[in-house]
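Heads up, the thing below is written out as structure tokens.
Position 1 is the first residue of the sequence; numbering continues from there.
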Amino acid sequence: MAELKYESKIGQINANATDVFAVLTNLENLQRFAEHIPQDKVKELEITRDSIRFKVDGLAQKISIGIVDQEENKMIKYGAENIPVPLNAWIQLKQMNEMDTRIRITIKTDMPIMFRMMLDKKLQAGLDQAVDMLCNIQY
């Protein structure tokens, strides 16, 4: 097993950090994207203010993702439970001016080298797509 760190590209959001932080720290706001989640892959989706739980084919237990730490208007840290490999994710925000907030997502995980070889490019692409999606939300 090797601890790995993945960082997304830096995105630009046309909103202030206070508004972005308020949206991203209330996970119920993700409800508006639920229709885009493939129903054949993700089942029993439950979203609360500070956690998301769902079932994925091939795993017996529900995966749980929740906010474990935050620094107002700057950082939100998420942790995951009931997944095959340990994982933490951070969203970092930096307000450049009133309507310009930069965003980056970082993931740390501990996975076998074989998984890394299979997932490396997909994880990086997924992080960059997530940043693009977060940059296009109305805050």
Side-chain angles (χ1 to χ4, degrees):
M1 299 274 259
E3 184 170 284
L4 304 170
K5 180 178 175 181
Y6 294 91
E7 290 185 332
S8 71
K9 64 184 180 181
I10 296 173
Q12 179 179 358
I13 299 173
N14 296 320
N16 66 52
T18 303
D19 293 338
V20 175
F21 185 82
V23 168
L24 297 180
T25 53
N26 181 351
L27 297 179
E28 288 175 332
N29 289 316
L30 295 176
Q31 195 72 355
R32 59 181 138 167
F33 302 106
E35 65 192 45
H36 300 292
I37 297 170
Q39 300 298 314
D40 60 328
K41 305 245 188 280
V42 175
K43 296 176 174 51
E44 301 178 35
L45 179 64
E46 300 170 21
I47 301 174
T48 66
R49 182 171 179 74
D50 58 2
S51 70
I52 303 168
R53 293 182 52 164
F54 54 93
K55 200 157 195 177
V56 177
D57 283 344
L59 294 178
Q61 298 181 32
K62 277 189 177 180
I63 293 173
S64 180
I65 299 171
I67 296 172
V68 295
D69 194 13
Q70 58 188 320
E71 184 179 342
E72 191 169 353
N73 303 334
K74 294 183 180 183
M75 181 274 301
I76 309 158
K77 182 179 179 182
Y78 303 90
E81 296 177 357
N82 300 327
I83 59 173
V85 294
L87 177 99
N88 286 308
W90 290 261
I91 294 179
Q92 299 157 308
L93 303 172
K94 181 171 184 169
Q95 186 165 314
M96 305 304 283
N97 62 49
E98 182 60 27
M99 294 302 286
D100 179 1
T101 299
R102 303 300 163 99
I103 185 170
R104 172 184 275 165
I105 302 172
T106 302
I107 288 180
K108 282 190 181 177
T109 184
D110 198 12
M111 71 171 85
I113 298 297
M114 182 190 272
F115 284 172
R116 180 181 183 181
M117 290 171 26
M118 293 185 320
L119 298 175
D120 211 35
K121 290 180 183 178
K122 290 180 183 182
L123 277 172
Q124 189 62 55
L127 282 177
D128 290 341
Q129 288 174 344
V131 164
D132 288 341
M133 180 192 72
L134 292 174
C135 287
N136 290 313
I137 293 174
Q138 293 291 77
Y139 294 94

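- The shortest non-hydrogen separation linking Glu7 to Gln124 is O-NE2, 2.8 Å.
- From Ile13, atom CD1 reaches atom CE of Met96 across 13.0 Å, with rounding to the nearest 0.5 Å.
- No side-chain heavy atom of Asp69 sits under 4.5 Å from any side-chain heavy atom of Trp90.
- The distance from atom CD of Glu81 to atom CG of Leu87, rounded to the nearest 0.5 Å, is 12.0 Å.
- Atom CE of Met133 is separated from atom CD1 of Ile105 by 7.5 Å, given to the nearest 0.5 angstrom.
- Two residues are said to be in side-chain contact when any heavy atoms from C-beta on lie closer than 4.5 Å; Lys9 and Asp132 meet this criterion.
- At a threshold of 4.5 Å between non-hydrogen side-chain atoms, the residues Asp128 and Tyr6 do not count as touching.
- If you take CG on Asn16 and CG on Asn73, they are separated by 8.0 Å, rounding to the nearest 0.5 Å.
- Taking every heavy atom of both residues into account, Gln70 and Thr25 meet most closely at OE1-CG2, 3.1 Å.
- Two residues are said to be in side-chain contact when any heavy atoms from C-beta on lie closer than 4.5 Å; Tyr78 and Leu24 meet this criterion.
- Going from atom CG of Leu45 over to atom CG of Leu30 covers 9.0 Å, rounded to the nearest 0.5 Å.
- Following chains of ILVMFWY side-chain contacts shorter than 4.5 Å, one can reach Leu93 starting from Leu134, so the two form part of one hydrophobic cluster.
- In terms of hydrophobic clustering, with Ile, Leu, Val, Met, Phe, Trp and Tyr side chains grouped at heavy-atom distances under 4.5 Å, Ile10 and Ile103 are assigned to different clusters.
- Between the side chain of Asn29 and the main chain of Val23, a donor-acceptor pair closer than 3.5 Å is present.
- Under a 3.5 Å cut-off, the side chain of Gln95 and the backbone N or O of Arg102 do not form any donor-acceptor pair.
- Using a 4.5 Å heavy-atom cutoff, the side chains of Arg104 and Leu127 are not in contact.
- The backbone N or O of Lys94 sits nowhere less than 3.5 Å from a side-chain atom of Thr101 that would complete a donor-acceptor pair.
- The heavy-atom pair separating Ile47 from Leu27 by the smallest distance is CG2-O, 3.1 Å.
- Looking at every heavy atom in both residues, Ile65 comes nearest to Ala80 through CG1-CB, 4.2 Å.
- Here the closest non-hydrogen pair linking Glu71 and Phe21 is O-CE1, 3.4 Å.
- Under the 4.5 Å side-chain heavy-atom criterion for Ile, Leu, Val, Met, Phe, Trp and Tyr, Met99 and Ile137 are members of distinct hydrophobic clusters.
- Between the side chain of Asn88 and the backbone N or O of Lys108 there is no donor-acceptor pair closer than 3.5 Å.
- Grouping Ile, Leu, Val, Met, Phe, Trp and Tyr by side-chain contacts under 4.5 Å, direct or through others, leaves Val68 on its own.
- The hydrophobic clustering, which links ILVMFWY residues whose side-chain heavy atoms are closer than 4.5 Å, places Ile91 and Met75 apart.
- With rounding to the nearest 0.5 angstrom, the CG atom of Asp100 is 4.0 Å from the CD atom of Gln12.
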